[in-house]
Amino acid sequence: MLSSEKREPNKFIVSKIKMKQVCFITLALLSFFPSLVFVLMFLFLLGFLFRDAGIRYIFFFGSLLFLTLISMMLQEDYFYKGPIISFLFLLPFLLSFILLKDKSRSEYFLLFLKVHIFISLIQIPLQLIQFISVYGFEFGLVLSNSSAGDIGFGSLYNSFVLADKQILSMFFLISLKDHFSVLYVRLGLLALFFSFLFIGANTTTLVLLLSVIIYYLILTNLKLYKLKYMWKRVLTVSALLLAFFVVNKFFFTSQYQHVIGGINKVIENISNIGKVKAYGTIAEIYSDNPEYLFCGLGSGYYSSRVSFILSGEYLWQGEHALLGLQHNRRFDHYLRPLWNDNIRFNNNINGTIFQPFSGIVTIFSEYGLIVLLAFIAAMVNLYMRIPIDLGRIFIIFSFGMMFIDNFLEYPRILTPAIVYILYLLNQSKGDANMKFIQV
């Protein structure tokens with residue numbers, strides 16, 4: 001009788017471990033499907049299996065909501081759509097509060113990353129089929145038309161989200177190279193790189209190159225005893241940059257002209273670039289109302305992706321049938337002139353570099369200075385806790401992407417990014433249960 005009582009809990013534990021594995025595999029798979037399906041399944045799966053994490057996440061978001069309530073009282077403007085949708089968009093942070101006590105905790109992250117790589121590779125034939133269905137077999141268009149590859153979005157309904165997913169999978173595959181054959185790693189990286197180039201996400205490429213430059217030419221050479229390696233790193237990075245510009249100039253000519261034209265426009269007229277203006281609006285608002293520095297303007301109520309969606313002029317279909325609109329006088333005054341249908345449908349001024357989207361602006365504008373400083377401190381803490389070159393480059397890259405897009409508000413991108421960070425922490429013998437709000 002006693003022996004049977006002891007065996008029963010063991011069966012339950014094994015079953016729960018398998019359920020957790022299925023949970024992470026399912027999340028990786030669903031991260032390549034429409035956002036609403038993904039966040040609902042995220043909420044169901046992790047809410048069911050990791051209730052303790054859900055409580056911690058509610059406390060985390062509750063702290064942000066408290067700041068929003070203070071902002072509402074200051075503005076005398078009470079809104080609810082922004083906070084509710086922000087709660088869903090920030091769900092991936094729930095992963096950072098999961099307490100995995102069993103010894104196989106890294107296996108959950110490993111399973112997720114492997115499935116993500118596999119589904120990323122499946123996107124490539126989907127891209128080709130979508131391209132052929134529109135342009136036939138005229139693949140030369142990708143070389144002469146920088147937007148031709150946008151038609152190949154796989155299962156993600158957005159080619160630039162797919163581009164970010166392919167970049168993530170390249171990081172994953174390099175980190176997991178010991179789990180695959182050499183041939184699989186090489187062919188996989190080549191295929192993922194082709195998929196990324198096919199889309200032509202030039203701004204993302206520039207951020208990645210800058211991340212490599214900042215890490216190898218600046219951060220790793222801050223200590224004097226490492227200066228002897230400097231020339232080797234300079235030559236390596238210079239060769240990488242040269243290869244990038246040669247390939248773009250002589251093969252992807254349209255993309256090269258698009259990048260150079262965008263850079264020239266920024267240099268010649270930087271004060272009128274939407275992204276730069278968006279930063280300027282924050283300075284103007286806080287100089288006029290310094291009391292908002294503490295609490296921000298409210299969750300989902302100014303420059304976030306949520307706020308843009310609720311403006312009715314962000315999604316291609318306009319107003320979302322389920323979400324509707326949210327009226328915001330500051331948004332209408334400062335940001336709507338920087339991104340509306342007239343700009344969105346003008347290919348000459350709707351590129352990433354001109355878009356008034358930025359995760360850093362969102363954190364600062366909607367949650368205030370204290371949360372912004374806490375976020376920067378958390379990123380620095382992550383950088384210091386991951387003593388792996390590729391991991392540190394990824395942290396720099398992620399931080400850089402925060403300046404050019406609302407990177408934190410894409411659950412399908414943020415989820416694999418957080419899982420990867422947790423995996424790197426675990427591999428670095430750090431605390432894989434690190435709380436992203438602590439330093």
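Quick note: residue numbers are just sequence positions, from 1.
Below 30°, between 30° and 60°, or above 60°: for Phe403 and Phe399 the angle between ring planes is above 60°, a perpendicular geometry. Using bins of under 30°, 30° to 60° and over 60° for the plane-to-plane angle, the ring pair Tyr157/Phe153 lands in the parallel bin. Between Phe308 and Tyr314, the ring-plane angle classifies as tilted under the 30° and 60° cut-offs. Aromatic ring orientation, Phe394 versus Phe171: perpendicular (interplanar angle above 60°, classes split at 30° and 60°).
With hydrogens and angles disregarded, no donor-acceptor distance shorter than 3.5 Å links the side chain of Ser86 to the backbone of Pro83. The backbone N or O of Val182 lies less than 3.5 Å from no partner atom in the side chain of Lys177, so there is not a single donor-acceptor pair. Of the possible polar contacts, one joining the Gln326 side chain to the Gly300 backbone as a donor-acceptor pair under 3.5 Å is found. With hydrogens and angles ignored, the 3.5 Å screen pairs no side-chain donor or acceptor of Ser71 with any backbone N or O of Leu67. Judged by distance alone, the side chain of Asn158 and the main-chain N or O of Phe160 form a donor-acceptor pair under 3.5 Å. In this structure a side-chain-to-backbone donor-acceptor pair under 3.5 Å is missing from Lys275 to Pro356. Glu409 places a side-chain N or O within donor-acceptor distance of the main-chain N or O of Arg305, the cut-off being under 3.5 Å.
Side-chain contact between Phe364 and Leu369 is present, with at least one heavy-atom pair separated by less than 4.5 Å. Residues Ser159 and Ile151 form no side-chain contact, since every pair of their non-hydrogen atoms from C-beta on lies 4.5 Å or further apart. Here the side chains of Lys114 and Phe180 are in contact, with some heavy-atom distance below 4.5 Å. Side-chain contact between Gln127 and Ile199: present, with at least one pair of heavy atoms (C-beta onward) separated by less than 4.5 Å. The shortest distance between side-chain heavy atoms of Tyr80 and Ile84 falls below 4.5 Å. Taking the side chain as every heavy atom from C-beta outward, Tyr334 and Ile282 never approach each other to under 4.5 Å. At a threshold of 4.5 Å between non-hydrogen side-chain atoms, the residues Val115 and Phe32 do not count as touching. Proximity of Ser311 to Leu325: side-chain heavy atoms (C-beta onward) are nowhere separated by under 4.5 Å.
Outside the 6.0 Å centre-distance limit, the rings of Tyr286 and Tyr292 are not counted as a close aromatic pair. Checked against the 6.0 Å centroid threshold, Phe198 and Phe194 count as a close aromatic pair. Aromatic ring centres of Tyr420 and His116 lie farther apart than the 6.0 Å criterion allows.
Residues Tyr279 and Ser358 have side chains that bring a donor and an acceptor to within less than 3.5 angstrom of each other. Using a 3.5 Å distance cut-off with no hydrogens or angles, the side chains of Thr68 and Ser299 do not pair a donor with an acceptor. Residues Gln123 and Ser195 have side chains that never bring a donor and an acceptor to within less than 3.5 angstrom of each other. Between Thr415 and Ser31, the side chains place no donor N or O within less than 3.5 Å of an acceptor N or O (distance only, hydrogens not considered).
Rounding to the nearest 0.5 angstrom, the gap separating the CE atom in Met401 from the CZ atom in Phe407 is 5.5 Å. The CZ atom of Phe93 lies 9.0 Å from the CG atom of Leu64; values are rounded to the nearest 0.5 Å. Here the CG atom belonging to Leu189 is positioned 9.0 Å from the CD1 atom belonging to Ile117, to the nearest 0.5 angstrom. To the nearest 0.5 Å, atoms CG (Leu111) and OH (Tyr423) are separated by 11.0 Å. Taking CD1 from Ile167 and OG1 from Thr205, the interatomic distance works out to 6.0 Å, rounded to the nearest 0.5 Å. Here OG of Ser211 is found 8.0 Å from CD1 of Ile393. Values are rounded to the nearest 0.5 Å.
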Checklist entry - What's the verdict on side chain to side chain contact (heavy atoms under 4.5 Å, CB included) for Ile421 and Ile395, showing C-alpha distance, side-chain angles and the deciding distance? => result CA-CA 8 Å; Ile421 289 170; Ile395 297 299; 4.0 Å; yes

Item to check | Stepwise side chain to side chain contact (heavy atoms under 4.5 Å, CB included) test for Ile396 and Leu210 | outcome: CA-CA 9 Å; Ile396 299 169; Leu210 283 173; over 6 Å; no

Item to check | Steps toward side chain to side chain donor-acceptor pair (under 3.5 Å) verdict (Thr362, Ser304) | outcome: CA-CA 5 Å; Thr362 294; Ser304 61; 5.4 Å; no

Item to check | Trace of the side chain to side chain contact (heavy atoms under 4.5 Å, CB included) decision for Phe375 with Ile360 | outcome: CA-CA 9 Å; Phe375 174 77; Ile360 295 296; 4.2 Å; yes

Item to check | Audit row: Phe397, Val212, side chain to side chain contact (heavy atoms under 4.5 Å, CB included) steps and yes/no | outcome: CA-CA 8 Å; Phe397 169 70; Val212 174; over 6 Å; no

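Around the OH atom of Tyr184, the shell of radius 6.0 Å holds more than 12 heavy atoms that belong to other residues, nucleotides or ligands. Around OH of Tyr78, the count of heavy atoms belonging to other residues, nucleotides or ligands within 6.0 Å exceeds 12.
Under a cutoff of 6.0 Å and an axis angle of 45°, Arg330 and Tyr302 do not form a cation-pi pair. Judged by the 6.0 Å distance and 45° axis criteria, Arg412 is not positioned over the aromatic ring of Phe38.
When every heavy atom of Glu366 is checked against every heavy atom of Ser303, the shortest pair comes out as OE2-N, 3.2 Å. Looking at every heavy atom in both residues, Lys165 comes nearest to Leu156 through CG-CD1, 3.9 Å. Tyr57 and Phe87 make their closest contact through OH-O, 2.8 Å (heavy atoms, listed as atom of the first residue, atom of the second, distance). Between Arg392 and Tyr383 the shortest heavy-atom distance is NE-O, 2.9 Å. Shown here for Leu168 and Ile413, the closest heavy-atom pair between the two residues is CD1-O, 3.8 Å. Between Leu414 and Leu408 the shortest heavy-atom distance is CD2-O, 3.2 Å.
Among Tyr108, Phe112, Phe172, the one residue that satisfies the side chain to side chain contact (heavy atoms under 4.5 Å, CB included) test with Val419 is Phe112.
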